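Below is one structure, written out as structure tokens; the observations come after it.
Keep in mind that this is a model prediction, so the values were computed, not measured.
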Amino acid sequence: MIKKYPVSPKRVRKIPKQFSWVDHRLVREGYIEQISHPSGILYLFLLTVSDAQGLSYYSGPTICKRLKMDQTTLNQSRDELIRLALVAYKRPLYQILALDPVDSPPIEERSGEFQPLGQIFKQMMEVRT
């Protein structure tokens, strides 16, 4: 096993008191490969400024100013993140969505009903085979 040491030990990152984090599945499950650079920048910004529920009220003009992005690019980036089910938006509110498994049905197709645990495991096994 390779031992890793910080390059700059005096600047080791600590988890801040405010809520902000990035789910590793963004990379592991290929989401990051599906988004354009402007959409990635918008997603990172929203992750950074969102609260514990993933909510942010930043306005379009403020986001454009902070990200040096025009309104058309912001609209396209937001639409891309919505299409990929990474973000929900209802003006003026953005919500960073939990990452679901890549093969899960789109949100609108889910029944919202509880399933027995045995049924869930059965479905998981069917996906693997």
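For the atom pair CG (L99) and CG (D23), the distance works out to 4.5 Å, reported to the nearest 0.5 Å. With rounding to the nearest 0.5 angstrom, the NZ atom of K68 is 14.5 Å from the CD1 atom of I63.
The number of heavy-atom neighbours closer than 6.0 Å to OH of Y57, taken from other residues, nucleotides and ligands shown, is 12 or below.
A single hydrophobic cluster is not seen to contain both M69 and L44; linkage of ILVMFWY side chains at heavy-atom distances under 4.5 Å, directly or through other members, places them apart. The hydrophobic clustering, which links ILVMFWY residues whose side-chain heavy atoms are closer than 4.5 Å, places L93 and L97 apart.
Looking at L46 and S56, their side chains come closer than 4.5 Å, going by heavy atoms from C-beta outward. With a 4.5 Å cut-off on side-chain heavy atoms, Y43 and I96 count as touching. Between L74 and L42 the shortest side-chain heavy-atom distance falls below 4.5 Å.
In terms of the side chain to side chain donor-acceptor pair (under 3.5 Å) criterion, T72 has no residue partners (sequence neighbours excluded).
Between Q71 and G60, the shortest heavy-atom distance links the atoms OE1-C, 4.2 Å.
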Q: I would like to know whether Y58 and F45 meet ring pair (Phe, Tyr, Trp, His ring centres under 6.0 Å); could you show each step before the answer?
A: CA-CA 10 Å; Y58 272 77; F45 177 79; 5.1 Å; yes
Pairs under 3.5 angstrom only: tabulate donor-acceptor contacts from the side chains of residues 78-86 to other protein residues two or more places apart or in another chain.
from, atom 1, to, atom 2, distance (Å)
R78, NH1, Y94, OH, 3.0
R78, NH2, N75, OD1, 2.8
E80, OE1, S36, OG, 3.0
E80, OE1, S39, OG, 2.8
E80, OE2, S36, N, 2.8

